[in-house]
Amino acid sequence: MANSTERGRTVTSRAFAVLGAFTPAQPELTLAQICRITGLRHATAHRLIRELVGWGALERTPHGAYVIGLRLWELGTLNPRGLPLRVRAMPFMEDLHAVTRQHVQLAVLDSGEALVVERISAADAIPVVSQVGGRLPLHASAVGKVLLAHADEDLFAEVVRDGLARFTAATVTDEAGLRVALAECRRTGVAVVREEMSVGAYSVATSITDAKGRVVAGLSVVGPDPAIHRLVPAVVMAGRGISRGLTSMPGPAGGDDDALPCGRPPTREPARAGGG
């Protein structure tokens, strides 16, 4: 008899649950760990894992644990907000990194969070919580605020609905304060965040736009200097360079598709409060 957690779940949803158990913090899992995270019975999880390994979605390590397979990475490179965006952004990110010697990261909006799709870091750069494939909250990161500032009101309402998580004493956790920060971001074209995610970490971000002026990504620099605002010109210049490179890019990250990753073009005018 199936566990209560399995009743009503399709085979597809169970397979997604197995894949969703893997995170940047836990990239390698045993069968027992997968069962505990997903709530699936041992026999069910084992059968699904065997099929996922056979297809290439998962791989088994020499000591019997499991990791995400290269087949999923291969499919992920087909997403226009993934590899194609990173290829166009990389030369500018490398130049920006050479100038700043700090973390330079590229992120896109995904499921109400900022998903980091690329990052360049120096060996002695300040420790940060983000990593490639990791996610950042929209309200407390510079790149997240850039994405949220140019999203629609529905996303803003979703972000603030259950309250804004506090990461440090400097984190903006009230709706009114966040609205002010987003309006300033739309007015200036940049977001500057000081120790909102981690004590001692400062960041500045700007938006990446496609041929129709729609925000498709955010570019940021994260470092230990409280005067991070001095890097605004360099970050903006790199962002404009990446944006110019996207004008010939088809699909959501380019100018030939009506699907809006963030929802609206940037504006120099202070828009109405919130994400709209």
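- Counting heavy atoms from C-beta outward, Val190 and Val235 have side chains that stay 4.5 Å or more apart.
- The side chain to side chain donor-acceptor pair (under 3.5 Å) check on Thr23 picks up nothing, with sequence neighbours excluded.
- Under the rule for a salt bridge (Lys or Arg N to Asp or Glu O under 4.0 Å), Asp154 has no partner lying at least two apart in sequence or in another chain.
- Using modelled atom types, no side-chain atom of Arg119 and backbone atom of Val132 make a donor-acceptor pair closer than 3.5 Å.
- Proximity of Leu72 to Leu19: side-chain heavy atoms (C-beta onward) are separated by under 4.5 Å at one or more points.
- The hydrophobic cluster containing Phe156 does not contain Val146, counting ILVMFWY residues as joined when their side-chain heavy atoms lie under 4.5 angstrom apart, directly or transitively.
- By the salt bridge (Lys or Arg N to Asp or Glu O under 4.0 Å) test, Arg161 is found to be paired with no residue, residues two or more places apart in sequence or in another chain being considered.
- Counting heavy atoms from C-beta on, the side chains of Phe22 and Gln33 never come closer than 4.5 Å.
- For residues 20-30, no pair satisfies salt bridge (Lys or Arg N to Asp or Glu O under 4.0 Å), with sequence neighbours left out.
- Qualifying side chain to side chain contact (heavy atoms under 4.5 Å, CB included) partners for Val53, counting only residues two or more places apart in sequence or in other chains: Ile49, Leu58, Tyr66.
- Legend: side chain to side chain donor-acceptor pair (under 3.5 Å) pairs involving residues 45-55, not counting sequence neighbours, sorted by first then second residue: His46-Arg50.
- Residues passing the ring-ring contact (aromatic ring centres under 6.0 Å, His included) test with His103, sequence neighbours excluded: none.
- Take Arg135 and apply the salt bridge (Lys or Arg N to Asp or Glu O under 4.0 Å) test, not counting sequence neighbours, and it matches Asp110, Glu113.
- Ala176 pairs by the side chain to side chain contact (heavy atoms under 4.5 Å, CB included) definition with Asp174, not counting sequence neighbours.
- Within the structure, salt bridge (Lys or Arg N to Asp or Glu O under 4.0 Å) pairs that include any residue of residues 219-230 comprise Asp225-Arg230 (at least two apart or interchain).
- For the side chain to side chain donor-acceptor pair (under 3.5 Å) condition, the pairs that include at least one residue of residues 195-204, sequence neighbours left out, are Lys145-Glu196, Glu195-Tyr202.
- Grouping the Ile, Leu, Val, Met, Phe, Trp and Tyr side chains by contacts below 4.5 angstrom, directly or via other members, places Val232 apart from Met237.
- Every residue two or more places apart in sequence or in another chain that forms a salt bridge (Lys or Arg N to Asp or Glu O under 4.0 Å) with Glu184 is listed here: Arg187.
- When every heavy atom of Ile242 is checked against every heavy atom of Ala89, the shortest pair comes out as CD1-CB, 3.7 Å.
- In terms of heavy atoms, Val108 sits closest to Ala217 at CG1-CB, 4.0 Å.
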